[in-house]
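The structure appears below as structure tokens.
Since the model is a prediction, treat every value here as computed from it, not as a measurement.
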Amino acid sequence: MSMARPPVPGLSIGGVMMKKKRDKIRDLLGRGEESPAVLIKGWVRTKRDSKGGFSFLEINDGSCMSGLQVVANHSLPGYEAIAHRLTTGSCVFVSGALVRSQGRGQTLEVQAAEVGLYGTADAEKYPLQKKAHSFEFLREIAHLRPRTNTFGAVMRVRHRLAYAIHKFFHDRGFIHLHTPIITTSDCEGAGEMFQVTTLDLAQPPTCDGKVDYDQDFFGERTALTVSGQLEGEIYALALSEIYTFGPTFRAENSNTSRHLAEFWMVEPEMAFYDLEDNMDLAEEFIKALFNDVLQHCPEDMAFLNKRIDPHILETLAKVCESQFERIHYTDAVHLLEKSSEKFVYGVEWGCALQSEHERYLSEKVFKKPVIIFNYPEAIKSFYMKLNEDGETVRAMDVLLPRLGEIIGGSQREDDAALLEKRMRAKGLDPEDYWWYLDLRRFGSAPHSGFGLGFERLVQFVTGMENIRDVIPFPRTPRHARF
RNA sequence: UCCGGUGUGGCGCAAUGGUAGCGCAAGCGGCUGUUAACCGCUGUGUUACAGGUUCGAGUCCUGUCACCGGAGCCA
């Protein structure tokens with residue numbers, strides 16, 4: 001199809017724009033060439049007036065970190081009428097010629113032929129002025145914070161990571177599986193759940209003094225999913241390799257910089273993978289994602305490296321080059337026991353490793369990502385495969401320096417009798433999981449999988465300290481606004 | 001949820017129990033192919049909320065809420 005550009009440089013005749021199609025700033029800067037006719041649309045970041053009879057407008061349209069400088073001569077028809085309303089935050093369109101800049105600081109700029117105003121932003125009231133704002137403040141104006149440099153960068157990197165995840169799995173023949181948001185499996189041990197109901201909470205129907213869920217929408221008690229893993233296993237044991245990438249909900253009263261009540265999780269599940277295959281995939285996965293961002297988001301990453309975390313580029317590159325340390329839980333405990341480091345919590349075989357222990361191993365001992373595997377059976381979930389020693393399970397956690405656990409996974413128990421036994425031992429009713437046990441009764445296969453918290457990934461890659469600042473609309477205890 | 005800290009102009013922060021200030025942003029003026037512009041002037045407050053102690057509370061006490069740091073749970 002012909003996409004011929006209008007050859008006529010004159011863009012505006014009597015206020016009627018001749019060029020209709022918007023140019024994205026990203027595309028204009030990417031080409032880096034002069035052009036007689038461009039049309040940009042975006043938000044004014046700053047305006048600097050010159051008494052030489054013209055103004056400099058910096059326009060950002062979110063397509064990339066950089067804005068485009070517009071030189072607007074005060075003699076433009078109708079310019080004086082709108083000049084005082086071209087404030088920080090207002091939205092405009094500008095047509096004109098893209099030319100080499102006479103000033104320093106940018107190579108190209110737009111010599112405006114017409115400047116039009118879409119929406120004003122009263123400078124006395126608009127909260128985002130051209131100054132630094134704290135992330136705490138920006139969280140209170142989550143509807144405006146995407147217009148800041150940092151959030152633009154974080155969200156573009158977030159998008160790239162999501163894309164890279166799909167690409168990584170697709171290229172390896174994995175099927176993207178949509179697992180249900182509403183579930184009935186309410187005792188996976190993955191945390192408190194949000195109940196889903198259409199019952200009148202003021203006067204719920206009762207039966208024998210208890211709420212009668214038979215009258216609820218689904219005829220039984222339901223909740224928002226805390227994991228797509230169990231459903232993922234169903235499809236892995238049919239399509240071989242699948243992954244889920246969807247929202248996950250935990251009703252924990254967690255108030256930390258690493259927890260959200262609603263977050264996105266990636267959960268690959270693979271038939272015929274043992275724990276080692278699983279660890280191989282996890283390591284390859286992390287490295288592929290970091291490499292992808294380094295390669296495709298150089299401008300945003302350079303900004304984050306300059307303003308957010310001065311070591312982030314170096315850190316990501318190091319992870320890509322490193323060989324993840326793989327260590328038995330038992331050896332990790334020995335290392336911690338022998339350490340001269342003073343820990344708040346003591347260490348002994350059988351206890352769960354604390355944040356301080358994990359950080360010590362990844363930051364001080366190995367100074368790179370660490371995968372700890374073969375954890376004690378007692379501290380891990382029922383579905384993890386028991387080792388021959390009868391004491392440990394084939395579980396693994398991937399720990400990143402500073403962030404801690406980013407991936408948790410395991411080889412799944414594929415023996416129906418053993419699985420049922422462990423369910424009972426952990427106080428679960430095998431009847432509730434009849435379909436999960438069926439997978440082991442009919443054509444069972446060794447299989448493995450892991451879960452990765454998407455926001456924690458974005459956190460690590462961008463260097464952002466608070467998880468609430470890497471998701472568009474954070475949900476945390478007492479906060480569901482916007 | 002636990003421990004600790006904080007809450008004061010739009011934002012970031014000061015103020016020994018005794019007249020609430022500074023910087024940034026904003027408004028006005030000046031200057032300049034400017035660019036985190038610069039220079040001058042101006043305005044900006046129920047000191048988170050509810051009680052209490054005191055002649056007098058931003059400051060002390062009690063409670064609530066929020067935010068930050070750490071921890072637990074976890075991803």
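Backbone-only engagement by A:F137 is indicated by non-hydrogen atom pairs under 4.0 Å involving sugar-phosphate atoms exclusively. In this structure, A:V71 reaches the bases: a heavy-atom distance under 4.0 Å links it to at least one base atom across the strands shown. A:Y126 comes within 4.0 angstrom of no nucleic acid atom, judged by non-hydrogen atoms across all strands.
A gap of 48 Å separates the C1' atoms of B:G29 and B:U64, to the nearest Å. Of the P atoms belonging to B:G12 and B:G4, the separation is 25 Å, rounded to the nearest Å. A gap of 50 Å separates the C1' atoms of B:G63 and B:A37, to the nearest Å. A gap of 12 Å separates the C1' atoms of B:C24 and B:G9, to the nearest Å. Taking the C1' atoms as reference points, B:A20 lies 38 Å from B:U32, given to the whole Å. Remark: the separation of the P atoms in B:A50 and B:C65 is 15 Å, to the nearest Å. For the C1' atoms, the distance from B:C2 to B:G72 is 8 Å, rounded to whole Å. Taking atom C1' on both B:U59 and B:U16, the two are 10 Å apart, rounded to the nearest angstrom.
Note: CG (A:D49) to C1' (B:C38) measures 14 Å, nearest angstrom. A straight line from CD of A:E192 to C1' of B:G72 spans 14 Å, rounded to a whole angstrom. Between the P atom of B:C11 and the CD atom of A:E136 lies a distance of 13 Å, rounded to the nearest Å. B:C74 atom P lies 19 Å from atom CZ of A:R359, rounded to whole Å. The CZ atom of A:R48 sits 13 Å away from the P atom of B:A26 (whole-angstrom rounding).
A side chain to side chain contact (heavy atoms under 4.5 Å, CB included) with A:L386 is found for one member of A:V393, A:L419, A:T392 and no other, namely A:V393.
Around the CZ atom of A:R26, the shell of radius 6.0 Å holds no more than 12 heavy atoms that belong to other residues, nucleotides or ligands. By the 6.0 Å contact criterion, NZ on A:K24 is open, its count of non-hydrogen atoms from other residues, nucleotides or ligands being 12 or less.
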Nucleotide-level pairing of RNA chain B, given in dot-bracket where Watson-Crick and G-U pairs need both distances under 3.5 Å and | marks other strands: (((((((..((((....[..)))).(((((.......))))).....(((((..]....))))))))))))....
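One donor-acceptor pair, N or O on each side, does fall under 3.5 Å between the base of B:G33 and the side chain of A:E109. Side-chain N/O atoms of A:Q129 and base N/O atoms of B:G12 include no donor-acceptor pair closer than 3.5 Å. Judged by distance alone with a 3.5 Å cut-off, a donor-acceptor contact links the side chain of A:H259 to the base of B:C74. The base of B:C74 does not come close enough to the side chain of A:S254 for any donor and acceptor atom to sit less than 3.5 Å apart. Donor-acceptor pairing under 3.5 Å, judged by distance alone, is present between the side chain of A:Q106 and the base of B:U34.
OP1 or OP2 of B:C67 has at least one side-chain nitrogen or oxygen of A:R468 nearer than 4.0 Å. Here A:S134 reaches the OP1 or OP2 of B:G12: one of its side-chain N or O atoms lies under 4.0 Å away. Put simply, A:K130 has a side-chain N or O that comes within less than 4.0 Å of OP1 or OP2 on B:A37. For A:H479, a side-chain nitrogen or oxygen approaches OP1 or OP2 of B:C67 to under 4.0 Å. For the pair A:T46 and B:A36, the criterion of a side-chain N or O lying under 4.0 Å from OP1 or OP2 is not met. Distances shorter than 4.0 Å separate some side-chain N or O of A:Q354 from OP1 or OP2 on B:G72.
A donor-acceptor pair under 3.5 Å is formed between the side chain of A:K287 and the backbone N or O of A:S322. The closest donor-acceptor contact from the side chain of A:T87 to the backbone of A:A121 lies under 3.5 Å.
Look at A:E455 and A:R258 and you find no salt bridge, because none of the NZ, NE, NH1 or NH2 atoms lies under 4.0 Å from a carboxylate O. A salt bridge is defined here as a Lys NZ or Arg NE, NH1 or NH2 lying under 4.0 Å from an Asp or Glu carboxylate O, and A:R326 with A:D280 meets this definition. Between A:K368 and A:E325 there is a salt bridge, with a side-chain nitrogen of the basic residue lying less than 4.0 Å from a carboxylate oxygen of the acidic one.
You'll find the side chain of A:E413 stays beyond 4.5 Å of the side chain of A:Y383, heavy atoms only.
Across B:A71, B:G12, B:G69, the shortest atom-to-atom separation from the side chain of A:N466 is found for B:G69.
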